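One structure is given below, encoded as structure tokens.
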Protein chains: 2
Amino acid sequence: MPFRKNISNLTVQRLSCYLRTLRTLAENGRISVSSGEIAEKVGSTAAQIRKDLSCFGSFGKKGHGYNVSELITTIENVLGLDKKWNVALIGLGRFGQSLSVYKGYRNETFDIVAIFEKDPSKTGKSFNGIPVYPIDDLAKICEKKSIVLGIIAVPPAAADEVIQKALDAGIRGMLNFTGKCGCQVPPHAFVKDVNMAAEIETLSYYLTRQ
Amino acid sequence: MPFRKNISNLTVQRLSCYLRTLRTLAENGRISVSSGEIAEKVGSTAAQIRKDLSCFGSFGKKGHGYNVSELITTIENVLGLDKKWNVALIGLGRFGQSLSVYKGYRNETFDIVAIFEKDPSKTGKSFNGIPVYPIDDLAKICEKKSIVLGIIAVPPAAADEVIQKALDAGIRGMLNFTGKCGCQVPPHAFVKDVNMAAEIETLSYYLTRQ
DNA sequence: TCCTGTGAAGTTCTTCACAGCC
DNA sequence: GGCTGTGAAGAACTTCACAGGA
């Protein structure tokens, strides 16, 4: 994979969105697509799409656009989706429970293979077919199951402590649903804050100031 | 509220994060706080905090920092959180069900007062204490209950149609959990895409390319 | 003619650095 | 001394515009 430029954070996020659109196109039997058409479907501009795609090579055909299946393969490869990621869910409260059943991501790529929970009454059994372990077993199980991704769904007050435990267990990427934002991690690790309160408060702002 | 500058999208999102930190400080009895301390807690820089706050006035005390409770009140006012928003949840599949019980946002500000669902076997009763209506009643109920915010939790293929219905019903702000991104809406309306697949795929990228 | 790929220009966002005030 | 508020500088991102290939 020729990485001709640094791919920015924003570009990475958009690639994921392009990918979804391309998969839909592929399901509908489409062979090729132009940057303008992708732009229309994802609510962006043709120039933005081309700039983003140009970060990792030139494989469009001038005058004809991009080959849909080739572009899907390329983006999957860039994003590292061409392998399977074992994921740990930490926290089996109400939101953790719902995340364990939510399949918004592709199961063949991201698979929750272990759940960790503090409350001993919940551990030692399965939830939704996934074994539930005490949180103290994090390091042991993560190593055994090759887990490097985590979904953190504990209360905000426990966020820092749990994230630290996850780091110690070798988890290097986390989706943080705790609501606590900006938790510090070392440079080799990544935490993405997913914050529904912030999202809905942003809407409140726009509806108020308009 | 003196709006001295346009507040950018990014600033608005950060305000929400500052607010959460400030509330925690207030609960701990803190009276004042410096931009540097907020920055440390949210993982940002002091200059960024000051720039963001300067958008809507100057109320820090030089040499002393900001008054915590005053800043909370101001940010709540800026974000429009000083009133109650009635919210509609559209889609009562598994993820919709979990969103209806998830209280990641403040209930005194955002209150789900109606659920809408296509499947007639689910309508006409309550779920988690919230009445479930057929989706065709959207306009009628939204007007009756003064609903202008919506949480969309239907399958991606239905996203465009449901968002259009919500717009027609007078809903002007939506959290879009469908996974379909970039749905077009008129300029007076706002859709925020919340995309767990994109978030986790971004992590995959960073762990792969490192 | 159509559409890509890409420098250049334009815009937006962040960081710097310091005057000013407590 | 400590910390805010803010122009100015710098960095990052987006859009423009056009050369060039199919």
Side-chain angles (χ1 to χ4, degrees), chain A residues 1-18 21-22 25 30-68 70-71 74-75 78 181-182 202 205-206, chain B residues 1-18 21-22 25 30-68 70-71 74-75 78 181-182 202 205-206:
Chain A
M1 178 66 46
F3 269 63
R4 325 212 318 192
K5 299 177 187 174
N6 280 347
I7 301 189
S8 81
N9 210 321
L10 290 162
T11 295
V12 174
Q13 295 184 40
R14 284 191 296 261
L15 286 179
S16 188
C17 186
Y18 304 163
T21 298
L22 289 164
L25 286 170
R30 286 287 301 276
I31 302 301
S32 72
V33 64
S34 70
S35 56
E37 186 174 355
I38 299 174
E40 194 199 341
K41 289 191 189 298
V42 302
S44 180
T45 67
Q48 179 77 81
I49 311 288
R50 293 202 299 275
K51 258 290 198 265
D52 284 341
L53 297 182
S54 74
C55 290
F56 45 91
S58 314
F59 31 77
K61 302 268 185 304
K62 299 190 179 186
H64 289 86
Y66 302 88
N67 179 285
V68 173
E70 187 186 325
L71 198 47
T74 305
I75 295 177
V78 168
C181 40
T202 304
Y205 168 79
Y206 283 113
Chain B
M1 180 64 45
F3 269 63
R4 324 212 320 190
K5 300 178 185 172
N6 280 347
I7 300 188
S8 83
N9 211 321
L10 291 162
T11 295
V12 174
Q13 293 184 43
R14 283 190 297 260
L15 285 180
S16 189
C17 187
Y18 304 161
T21 298
L22 290 165
L25 286 171
R30 286 290 299 278
I31 302 299
S32 73
V33 65
S34 70
S35 57
E37 187 175 352
I38 300 174
E40 195 199 339
K41 288 192 188 297
V42 303
S44 180
T45 66
Q48 179 77 82
I49 310 287
R50 292 202 300 276
K51 257 291 199 268
D52 284 343
L53 296 182
S54 74
C55 290
F56 45 92
S58 315
F59 31 78
K61 301 268 187 302
K62 298 190 179 185
H64 290 87
Y66 302 88
N67 179 284
V68 173
E70 186 186 327
L71 199 46
T74 306
I75 295 178
V78 168
C181 40
T202 304
Y205 168 80
Y206 284 112

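Just so we're on the same page: letters track the sequence lines, and every chain starts at 1. As the structure is a computational prediction, the values presented were derived from the model and not from experiment.
- Counting to the nearest Å, the C1' atom of dC3(D) and the CD1 atom of Ile38(B) are 12 Å from each other.
- Within a 6.0 Å radius of CD in Gln13(B), more than 12 heavy atoms belonging to other residues, nucleotides or ligands are found.
- Within the 4.0 Å cut-off from OP1 or OP2 of dT4(C), at least one side-chain nitrogen or oxygen of Ser35(A) is found.
- If you take CZ of Phe59(B) and C1' of dC21(C), they are 17 Å apart, rounded to a whole angstrom.
- To the nearest angstrom, P of dT4(D) lies 14 Å from CZ of Phe56(B).
- Within the model, atoms CD1 of Ile49(A) and OG of Ser54(A) stand 11.5 Å from one another, a figure rounded to the nearest 0.5 Å.
- Counting heavy-atom neighbours within 6.0 Å of Glu37(B) CD, excluding the residue itself, gives a total above 12.
- Applying the side chain to side chain contact (heavy atoms under 4.5 Å, CB included) criterion to Gln48(B), with sequence neighbours excluded, gives Arg14(B), Tyr18(B), Ser44(B), Thr45(B), Asp52(B).
- For Ile31(B), the CD1 atom sits in a loose shell: 12 or fewer heavy atoms of surrounding residues, nucleotides or ligands are nearer than 6.0 Å.
- OP1 or OP2 of dG5(D) lies within a sub-4.0 Å distance of a side-chain N or O belonging to Tyr66(B).
- Distance Leu71(B) CG to dC3(D) P: 16 Å, rounded to the nearest Å.
- Between the CD atom of Glu37(A) and the P atom of dC2(C) there is a distance of 15 Å, rounded to whole Å.
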### Summary
In B/S/- notation (B base, S sugar-phosphate only, - none; protein heavy atoms under 4.0 Å), nucleotides 12-22 of chain D written 5' to 3' is -SSB-B--BBS
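- For the pair Ser35(A) and Arg50(A), the minimum side-chain heavy-atom distance is below 4.5 Å.
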